[in-house]
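Single-structure report; data block below.
Letters A, B, ... are given to chains in the order of the sequence lines, protein chains preceding strands, and every chain is numbered from 1.
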Amino acid sequence: MRRFTTRHPVWTAIIALAAAILLWLIFAAWPDGLTDAIGRKKIFLNALFNGITLGGLYFLVASGFTLIFGLMRNVNLAHGTLYMLGGYAGFYAASLTGSWILAFPIAFVVIGACGVLLQVLVFRRMEGEDLRQTLVTIGISIVVADLMLWGFGGDFYNINPPEWLSGPMQTFLVTAVKSDGTPVFMKYPMVRIVIFLFAVVVGVAMWLALNRTRIGMMIRAGVDDREMLAASGIRIQLIFIGVFGFGAGLAGIAGVVGGTFQSIAPGEDTRFLLASLVVVIVGGMGSIPGAALGALLIGLAEQFGSVYFPTYAVVLTFLIMVVVLAFRPQGLLGRS
Amino acid sequence: MVAVDRTSAAERPRGTLDRVPPAYWVVGVLLLVLPAFVSPFILFQIMGWSFVLGLIALSLTFLGGYGGMVSLAQMTFAGLAGYLVAIFGDSAVDTISQGWPWWAVIPLALILTVLFATLVGWLAVRTEGIYTIVITLAIAAAFFYFTRQNYDIFNGFQGFNSVLPPHLFGVDWRGGVAFYYLSLFWAAAGYFLVLYLARAPFGLALQGVRDNPRRMAALGYNVTAHRVAAYALAGLIAGVGGILLTWQSSQISPGTIAIGPAIDILVIAVVGGLRHPIGAFIGALIYVLLKIFAVDVLVALGLSGERFQLLIGLGFLVIVFFSPDGILGLWDKLRASMRRDPLTGRDRSDLP
C-alpha cells in the first residue's frame, strides 16, 4: 500500500479523489442541480447496492474458477455448467427439505463431487494440454447444457429465501429529504445484503486459509512450483482433487445464490461462464483478491450501465476488459 | 526445427502437373461434375453450406493449426463482413441499407473486416495460449450483444433480411447450381491459398513462431507482426465466408454470430482436424449432414429431434477426448496401423 503511494503519487491522488466523491455521493443529501443532471439519488444508491451485491455473486463464481486455474493451470470452461447444476441442485434441495439454508451445503457437496469427478476423469488425463482441456470442457458443457434442458425444461427456477430474509431492510442512508424536513431512508432487500456479507466471509476465509494454514501453504507452493512440491513428499494429486472439489463447490453455492437473486434458466451457464471469464481477466487469473476486485468492478459496471446507458450495458463490461487487456495484459492484480 | 506440412514434404516430383497428387484430380473432377447428378437441394443446402462453413472454419485452421492461436472470433469476422454487405448494399431494411453497387460494397466490407480482425488480433496476441481463446470468446460475445442492442446501424434483434447476391452476368447466384460453383470456387481458393501460404516464407515463419516464439525472436523475426498478420489474413478468409453465408441464407442477424455458432466453428475445425486445411471442409460436411439429418436419425432412434445439440456435443466430446487431431488424426492412425506388420510390429516399408 505504502509502496504504491510512493511509486504512483498521481494515481493515489486520483483514487483518493474518486473515493471521496463516491463517499459524498453516498452520504450527502443531493442538491437539486445534481438530481436534475443524473437523476434521483435513490436510483443511484440502488444501482450501487445492486452492483456491489452482484459483484458478490460474481466473486463466488469466479473465485472457484481462478483458484482452479491458479493452482493447476486447468482451464475449466464447464464452470458455468457447474454453476447452473448448483442452482438446480439447490432448488431441489430447498423444495425437498423445505430449508433454504440447507440448500447451500447440499449444493456444495453435490457440485463438489462433480468437480472431483471432472478432475479425476478428465483433467488428470490431460495435464498441461491447455487446448485439449478447453475443447473437452466445451464439449462437456454443450452436452450437459442439453441434458439439463432435457431434464429440467426451459422454465425459470426460483429459489425462495425464508420468511425472515425476504422483504426490505431499512438502511441508514438518506435518499431524500421531504419538504417538512424529515429524511427518507433507503430500503433494500435484506436477502441481497445477507448474501453479500456471506460472499465477503467466504472471500476472507479463503484468503486466511490460503495465507495462514498449512494446506494453504501447500497450495501456494503448488502454484509456484508443482514438481518441487511433489518432490518434497506432498501428495499433490490429493491437493488437486481437493482444490478442484472446493472450487466446483463454490460454483454450486453461487448457483444457489444466483437462483435466489435472479433465476436459473437455460443460457445462464454461458452468461456466468462469460462473466467469470471477464472477471478473472480483469482481476488477473489465479489471484483471489484480483477476482474480488474484478467482480466488484464488473458488477458495478453492469448495474450502473443498465441504469445510466441501458442500451450498451452489456458491452460496457467487455469494454472494461478490452481496456485492461490493452494496458495491463496480466490483469489488474495478476502477476506477470 | 520447423514442422513443415507433411504432404508438402512427401510428394514432390518434377513438373507442374505431375506434382498434383492423384487424389486432387479425382476429388476435383468429382466436385466439378457433381451438379449433373444431384438435386439443387443437395447442391445448395448441403454442399454450398459445407463449403461456406468450411471456409470460415478454414480461417480458424490457418490461425490455430499454423499459427498456434485458437480464436473463437472467426464467426464474428464472418458476421461483420455479412453485416457490412447488408449495410452498404441492398436489403429489405431500406432505411439503413445504402444500396451501393456490389463492386464498391464487397471490397469495402472485406477491407473493414480485415481492419477489425487486425485490431482484434493485436489485442489477442498480447496474451498466449488459453488466454487467447478466452479473450476472443469475450470479443465474440461483446460483438453479439452490441449488434443485438444497436438499432441505428445493425438493426438490433432482427438484423437484415433479403440480402441477395448481385445478378452478375445474368445469373441468379442464389440458384442451386450457381451458388454451388460460387462457393466451390471460393472454398478452393481459400484452400489453395492456405496450402500455398503454409510453404511460403510467411507461413514457414508463422509455423516457426508457433513452435518456438523465443527462438524466432532471437533469429530476428518480429513475432507480434507475424501473429497479427495471420489474424488479418484469417479475417479475410472468414470475411469471404461470411459474405457467402449471408447470401446463402439471404439474411444476417445477431443469431448468426451468437456464442453457439462461434463455438460451432471451433467444433467444425477441431472435428475435421487442425493439421491440414482439408480438415475444415471435412468437419463442415459432417456438421451440415448432422444438422440436416440428425433430426431424422434421432426420431428413428425413438428420441425427440430436439436432442440435436446432444448428438453434436457427444460426437465432439468423443473425438476430442480420443483423437485430439480430429478425423484427420484418426485417418493417420488407421493408415499407420495398416502399414504396421502384425507379426513384427514394425513399419512394412522399413522391411528389406
Heavy-atom distances under 4.5 Å only: say whether A:Leu274 touches chain B with side chain, backbone, both or neither.
side chain

Given heavy-atom pairs under 4.5 angstrom as the criterion, report whether the side chain, backbone, both or neither of B:Phe146 touches chain A.
both

A:Leu319 versus chain B, heavy atoms under 4.5 Å apart: side chain, backbone, both or neither?
neither

Gap separating the CD atom of A:Gln133 from the CD1 atom of B:Ile133, nearest 0.5 angstrom
10.5 Å

Measure B:Ile319 against the heavy atoms of chain A and call it side chain, backbone, both or neither at under 4.5 Å.
neither

Interatomic distance, B:Leu137 atom CG to A:Ile281 atom CD1 [nearest 0.5 angstrom]:
8.5 Å

So, the part of A:Val143 with a heavy atom under 4.5 Å from chain B: the answer is both

Using a 4.5 Å cut-off on heavy atoms from C-beta on, say whether the side chain of B:Leu317 contacts that of A:Ile142.
no

Check whether more than 12 heavy atoms from other residues, nucleotides or ligands sit under 6.0 Å from atom CZ of A:Phe156, and answer yes or no.
no

Give, as side chain, backbone, both or neither, the part of B:Leu314 having an atom under 4.5 angstrom from any heavy atom of chain A.
both

Got a sec, which residues hit ring pair (Phe, Tyr, Trp, His ring centres under 6.0 Å) with B:Tyr145, two or more places apart in sequence or on another chain?
none

Only heavy atoms, only distances under 4.5 angstrom. Which residues in residues 254-264 of chain B are near chain A?
B:Ile259, B:Ile263

Heavy atoms only: give me the nearest B:Phe316-A:Ile138 pair and the separation to one decimal.
CE2-CG2, 4.3 Å

Heavy-atom pairs under 4.5 Å with chain B, option from A:Val136, A:Val75, A:Thr134 with the top count
A:Val136

Counting heavy-atom pairs under 4.5 angstrom with chain A, the leader among B:Ala141, B:Gly64, B:Ala142 is B:Ala142

Considering residues, nucleotides and ligands other than A:Arg220, do more than 12 of their heavy atoms fall under 6.0 Å from its CZ?
yes

